[in-house]
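Small disclaimer: the values here were computed from a predicted structure and weren't measured. Heavy atoms only: backbone and side chains are in, while hydrogens, waters and symmetry mates are out.
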Amino acid sequence: MRVVYTPQHLAHDIASETIMGLPVPANEVAERAERIRAALEADGGFPLQGPEAHGAEPITAVHDPGLLRFLAEAWPQARREAIDRPALIPEGFAARGYFQEMAIAHEPKAISGRAGYWALDTSTPIVAGTYAAARAAVDVALTAADLVLGGERAAYGLCRPPGHHASRSMYGGYCFFNNAAIAADWLTKRSGERVAILDVDFHHGNGTQQIFWRRDDVLYVSIHGDPDRVYPYFSGWTDERGEGSGTGTNVNVPLPAGTSDDEYLAALDRSLDAIAHFPGSLLVVSLGFDTYALDPISDFAVTTPAYHEIGRRVAALGRRLVILQEGGYHRPSLGENARAWLRGAEDREFDPLPAAGFTPAGTKV
Ligand SMILES: [Zn+2]
């Protein structure tokens with residue numbers, strides 16, 4: 001399987017994030033993608049290639065042009081305004097109640113206010129290289145989509161930063177542009193087909209749900225931790241099914257804490273059944289490994305052998321696969337979990353690699 005990767009993600013270099021008001025070491029770090037790249041290179045069956053630049057048009061096809069403009073301008077403006085911080089994090093947010101019953105929404109000029117206007121949370125810092133990395137992640141996703149449109153049965157885009165929490169007009173949850181949504185929209189236009197998205201990241205992909213909420217040409221199916229208990233909290237319930245012509249094209253499968261391999265695979269089978277009833281030959285997979293038993297910010301109990309089986313069952317659906325990386329924060333396991341999943345998707349055996357020394361890119365040795 002061809003893999004699309006670019007070292008441009010290293011520019012999104014985050015040291016800490018803010019959770020419930022306190023700084024903590026960042027979870028969404030460059031080492032994640034480098035672990036996966038190293039494991040796939042060691043495997044030998046996953047040739048890497050760089051992305052092709054696709055420009056801004058595919059992005060503004062699903063995102064507010066104002067969000068693109070903000071992300072492009074944010075860090076330079078923060079420097080100009082002498083914001084003396086290692087990263088840009090909002091001070092306040094344009095919360096639901098602020099505008100309730102008022103048809104107004106002005107984007108302020110100061111960078112602290114602009115960030116709050118577009119942001120979901122405080123856990124998604126913007127630094128000098130964020131915009132370039134986020135744009136490159138979109139190109140990674142679109143290049144993987146092009147490989148499949150060009151005849152590959154499956155391709156894997158090693159996207160970083162991830163994307164599924166970014167909605168039409170909002171960044172957050174470590175996400176800036178919604179790589180999977182942009183790829184799915186691109187696929188509908190290039191293929192003339194309807195496109196399904198399967199989101200197997202631990203978290204509900206609120207952004208993807210929002211973007212396709214009223215569209216009947218894209219099916220969104222997500223298996224995730226129940227929002228009653230985990231991030232992103234405000235979406236992911238089973239009664240969220242889409243509206244208008246999109247009614248019925250949104251399927252949420254929330255699961256309890258401690259979900260085991262067998263319980264997860266049963267939920268997967270139900271989800272694949274929903275996809276099998278949707279027309280089209282293309283499936284975008286939002287692939288997260290934060291369902292892993294040792295993930296530091298999640299609470300499922302999925303194991304490495306199960307990832308091999310999940311990949312196998314997804315591929316057995318017989319659709320052409322555009323597989324795009326989302327979350328996964330237990331760094332030591334990420335490479336093997338990705339190898340297991342992707343080898344499963346190729347119906348190849350999974351043999352664990354002997355543990356090898358790992359040096360993150362950019363590390364001075
Ligand atoms: Zn996640």
Side-chain angles (χ1 to χ4, degrees), residues 8-9 12 14 17 26-28 32-33 54 56-75 87-90 93-94 107 114-127 129-142 144-145 157-186 197 199 201-215 218 220 222 224 227 231-236 240 250 284-288 290 322 324-328:
Q8 188 71 57
H9 79 89
H12 181 54
I14 302 295
E17 59 182 79
N27 287 295
E28 203 295 285
R32 299 177 52 250
H54 284 70
E57 194 279 328
I59 298 176
T60 52
V62 306
H63 285 294
D64 188 329
L67 176 64
L68 177 78
R69 188 165 52 244
F70 164 73
L71 291 171
E73 295 172 356
W75 188 255
L88 175 62
I89 296 173
F93 295 91
E107 181 181 0
R114 288 186 81 191
Y117 182 81
W118 295 105
L120 165 63
D121 57 32
T122 60
S123 55
T124 314
I126 292 173
V127 297
T130 297
Y131 178 67
R135 285 292 301 264
V138 171
D139 287 329
V140 165
L142 290 171
L158 214 182
C159 297
R160 179 182 176 270
H164 73 153
H165 293 302
S167 68
R168 174 172 158 71
S169 304
M170 182 180 74
Y171 76 98
Y174 311 150
C175 305
F176 299 91
F177 298 121
N178 194 319
N179 308 309
I182 293 165
D185 180 74
W186 178 258
I197 303 173
D199 190 331
D201 186 275
F202 172 80
H203 302 94
H204 180 240
N206 59 286
T208 314
Q209 169 171 301
Q210 187 276 326
I211 286 167
F212 297 114
W213 186 246
R214 291 179 180 274
R215 281 175 60 167
V218 176
Y220 179 64
S222 176
H224 49 263
Y231 189 93
Y233 298 113
F234 313 123
S235 63
E240 297 162 14
N250 194 88
V284 175
V285 180
S286 271
L287 179 57
D290 36 9
V322 179
L324 303 176
Q325 190 61 46
E326 300 281 1

Please report the closest heavy-atom contact between [X] and [Y], naming both atoms and the distance.
X: Pro227; Y: Gly236; value: CG-C, 3.7 Å
X: Ser286; Y: Ala180; value: OG-CB, 3.4 Å
X: Gly327; Y: Asp201; value: N-OD2, 2.8 Å
X: Cys159; Y: Ala137; value: SG-O, 3.6 Å
X: Val62; Y: Ala181; value: CG1-O, 4.1 Å

Is the backbone of [Y] close enough, under 3.5 Å, to the side chain of [X] for a donor and an acceptor to pair up by distance?
X: His54; Y: Ile59; answer: no
X: Gln210; Y: Arg168; answer: yes
X: Glu326; Y: Gly163; answer: yes
X: Arg114; Y: Ala74; answer: no
X: Asp121; Y: Tyr174; answer: no
X: His164; Y: Asp199; answer: no
X: Tyr171; Y: Leu71; answer: no
X: Tyr231; Y: Gly173; answer: yes

Audit row: Phe177, Leu68, side-chain contact (heavy atoms from CB on, under 4.5 Å) steps and yes/no: CA-CA 8 Å; Phe177 298 121; Leu68 177 78; 3.5 Å; yes
Working for side-chain contact (heavy atoms from CB on, under 4.5 Å), residues Glu73 and Tyr131: CA-CA 9 Å; Glu73 295 172 356; Tyr131 178 67; over 6 Å; no
Is the closest side-chain heavy-atom distance between [X] and [Y] below 4.5 Å?
X: Ile89; Y: Pro125; answer: yes
X: Asp185; Y: Arg215; answer: yes
X: Thr122; Y: Glu17; answer: no
X: His63; Y: Ile182; answer: yes
X: Arg135; Y: Phe176; answer: no
X: Arg160; Y: Gln325; answer: no

What's the spacing between [X] [atom1] and [Y] [atom2] if we round to 0.5 Å?
X: Asn178; Y: Ile197; atom1: CG; atom2: CD1; value: 7.5 Å
X: Ile14; Y: Ile126; atom1: CD1; atom2: CD1; value: 9.0 Å
X: Phe202; Y: His224; atom1: CZ; atom2: NE2; value: 9.5 Å
X: Asn179; Y: Leu142; atom1: CG; atom2: CG; value: 8.5 Å
X: Asp290; Y: His203; atom1: CG; atom2: NE2; value: 5.5 Å
X: Glu28; Y: Ser123; atom1: CD; atom2: OG; value: 10.5 Å

Do [X] and [Y] get their side chains close enough for a donor-acceptor pair, meaning under 3.5 Å?
X: Ser167; Y: Asn206; answer: no
X: Gln209; Y: Asn250; answer: yes
X: Ser222; Y: His204; answer: no

Tyr117 and Phe70 aromatic centres sub-6.0 Å: no
Verdict with supporting geometry, Val127 and His12, side-chain contact (heavy atoms from CB on, under 4.5 Å): CA-CA 7 Å; Val127 297; His12 181 54; 4.2 Å; yes
